[in-house]
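Please read the structure below before turning to the comments.
These values consider heavy atoms only, across backbone and side chains, with no hydrogens, waters or symmetry-generated copies.
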Amino acid sequence: MTSTDQRATESETVRSPGRWLALAVLVLAVLLVAVDATVLGLATPFLSEDLKPSGTQLLWIGDVYSFIIAGLLVSMGSLGDRIGRKKLLLTGAVAFGAVSVLNAYATSPEMMILARALLGVAGATLMPSTLALIRNIFHDPKERSLAVGIWGAAASAGAAVGPVVGGFLLEHFWWGSVFLINLPVMAVLVLVGIRLLPESRNPSPGPWDLISVGLSLVGMVAVVYAVKEAAVHGFHWDSAGAAAIGLAALTWFVRRQLTLPSPLLDVRLFHHRGFSGAVLADLLTILGLSGLVFFLSQFLQLVQGRSPLEAGLIELPAAIGAVGAGLMAGYLARRASVRSAVSGGLTAVGLALAACTALSADTGVVALALALFLGGLGAGLAFTVTADVILSTVPKEQAGAASAVSETAYELGAALGIAVLGSIVTGVYRDFTVPEGVPAGVADAARDSLGGAVESAKGLPHEQGAALLSSAQEAFASGFHAAGAVGASVLFATAIAAWFMLRGQKLEDGLEHS
């Protein structure tokens, strides 16, 4: 194809009204993946009662999905550049629906962890394809900013919509229904996507390096596992060994990318201060929001005694804030500056986390809604602008790999939000005082998780059970306060770093030409 023909084809794509319908399909995919990262939060008490996982198993059920996605996103983004992003997206959608059934009917904690891991493999094929296709469908930077804003709103809001969807389903069905809801959505995505989505790929991609794929997966999972284990149990030989393996694998991965003629990820992109700043802000924005939503879901149910649906509705303002901010993000970043938008968003998420330090069993709905709206607003603003920055810094042939960096930051942030903040909650919680006379086995089960304490209290005499549950709830609240303080400190520090790292960074204004 000549350059004139290519420009004509791109102009037709830009003018085609079908691009917005195609965007709707892509948004559906990213919304579902994001919802699945947090929908399990409200189901945790029910799942705990049915499968009886240990505290560590419960954390793995919550975060292995995001760990696997984070470990495979770069590889899958690069694979999409090679075999075609539409093909990878639709294949992943079919797999996602099939594995959702396995999740719904898991019969043991081990089976649930495996099913969540497989769901992460399928999810990793969806996320980079969506953003890369946006990069190739929308050639006008302002239109693309709006498209990325809608995409970012779905990604950010999905974390907050998950509890609402989960709450509704848990009011009427068993916990496995939070996974079966994926099936009709994926069916629509595949049927409509086949007709509307254009295929795109890197015309000269080079081979897909399987050694790099393995190094990326091992490195990401091992490092995050080490962080989680060290936070919960202290820095012992197992967490130290995992950290060493992970860091060695990631170092080897980076060195290998620098020598390959067609790397999975062009690590030289990180030499660009704006790119690195955007990735850092991306990661920590989602860390704050996902950790907040995941543990607030348990707090609302197990400490405040709310129903799943009520808890989900209380968290809805986070989704509203994220959607509103995502749609306005491109405009705000151009009117003010990229660094103002990103730093302001990070600060807002930090304030929402800081508000968690004041939560109690008596905290009202209005105060909770305001804090969540602020967190969603900040996350939608920061995440959308950083995604636009990341996407606009690379040639569109590398859109899949660059998109994978943005989504790796997103998923790694979601995993770390649950793992690190959850480890703080768990570490504080496990030290709570058990009332005298409670059998050792019951006390151990209660210290394993708050859900375990609720179950343990049911088997004790009324006064003794009430005392055990009250002590456990106070300990969980204290752990949540500590996690909120740590999370807020990290977000405030990142806001300051982003202000300097994104200095001079601007979003594109003019129409692209090849």
At their closest point, which heavy atom of [X] faces which heavy atom of [Y], and how far apart are they?
{"X": "Gly380", "Y": "Ala325", "value": "C-CB, 3.9 Å"}
{"X": "Gln464", "Y": "Glu436", "value": "NE2-O, 3.3 Å"}
{"X": "Val385", "Y": "Ala341", "value": "CG2-CB, 4.0 Å"}
{"X": "Ser100", "Y": "Asn182", "value": "OG-ND2, 2.8 Å"}
{"X": "Gly465", "Y": "Ala457", "value": "O-CB, 3.5 Å"}
{"X": "Gly378", "Y": "Ala348", "value": "CA-CB, 3.7 Å"}

For this session: Assess whether side-chain contact (heavy atoms from CB on, under 4.5 Å) is satisfied between Cys356 and His481, documenting all intermediate values.
Result: CA-CA 6 Å; Cys356 293; His481 295 164; 5.7 Å; no

Examine distances only and state if a side-chain atom of [X] and a backbone atom of [Y] form a donor-acceptor pair shorter than 3.5 Å.
{"X": "Arg116", "Y": "Ile61", "result": "yes"}
{"X": "Ser470", "Y": "Ala467", "result": "no"}
{"X": "Thr494", "Y": "Val490", "result": "yes"}
{"X": "Ser343", "Y": "Trp499", "result": "yes"}

[X] side chain near [Y] side chain, heavy-atom distance below 4.5 Å:
{"X": "Leu119", "Y": "Ile68", "answer": "no"}
{"X": "Phe373", "Y": "Leu368", "answer": "no"}
{"X": "Leu460", "Y": "Pro435", "answer": "no"}
{"X": "Leu283", "Y": "Val279", "answer": "no"}
{"X": "Thr384", "Y": "Met328", "answer": "no"}
{"X": "Gln304", "Y": "Leu359", "answer": "no"}
{"X": "Leu217", "Y": "Val213", "answer": "no"}
{"X": "Phe96", "Y": "Thr125", "answer": "no"}

Spatial distance of atom [atom1] ([X]) from atom [atom2] ([Y]) [nearest 0.5 Å]:
{"X": "Thr363", "Y": "Leu300", "atom1": "OG1", "atom2": "CG", "answer": "9.5 Å"}
{"X": "Met76", "Y": "Ser216", "atom1": "CE", "atom2": "OG", "answer": "10.0 Å"}
{"X": "Asn103", "Y": "Met111", "atom1": "CG", "atom2": "CE", "answer": "8.5 Å"}
{"X": "Leu346", "Y": "Thr386", "atom1": "CG", "atom2": "OG1", "answer": "8.5 Å"}
{"X": "Leu284", "Y": "Leu491", "atom1": "CG", "atom2": "CG", "answer": "6.5 Å"}
{"X": "Leu280", "Y": "Leu502", "atom1": "CG", "atom2": "CG", "answer": "9.0 Å"}

Problem set entry | Qualifying residues under side chain to side chain donor-acceptor pair (under 3.5 Å), relative to Glu310, sequence neighbours excluded |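 By the side chain to side chain donor-acceptor pair (under 3.5 Å) rule, Glu310 matches Arg306.
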
For this session: Could I get the full list of side chain to side chain donor-acceptor pair (under 3.5 Å) partners for Ser340, not counting sequence neighbours?
Result: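 Applying side chain to side chain donor-acceptor pair (under 3.5 Å) to Ser340 gives Ser337.
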
For this session: I would like to know whether Val428 and Phe480 meet side-chain contact (heavy atoms from CB on, under 4.5 Å); could you show each step before the answer?
Result: CA-CA 9 Å; Val428 173; Phe480 194 28; over 6 Å; no

Exercise. Any idea how Phe476 and Phe299 line up, ring-wise: parallel (<30°), tilted (30 to 60°), or perpendicular (>60°)?
Worked result: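 Aromatic pair Phe476/Phe299 classed parallel.
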
For this session: Report the C-alpha distance between Leu250 and Val223 in whole Å, list the side-chain angles of each, state the deciding distance to 0.1 Å, and finish with yes or no for side-chain contact (heavy atoms from CB on, under 4.5 Å).
Result: CA-CA 9 Å; Leu250 291 177; Val223 166; 4.0 Å; yes

Problem set entry | Candidate pair Leu468 and Phe432, rule side-chain contact (heavy atoms from CB on, under 4.5 Å), full reasoning | CA-CA 9 Å; Leu468 174 67; Phe432 80 86; 3.9 Å; yes

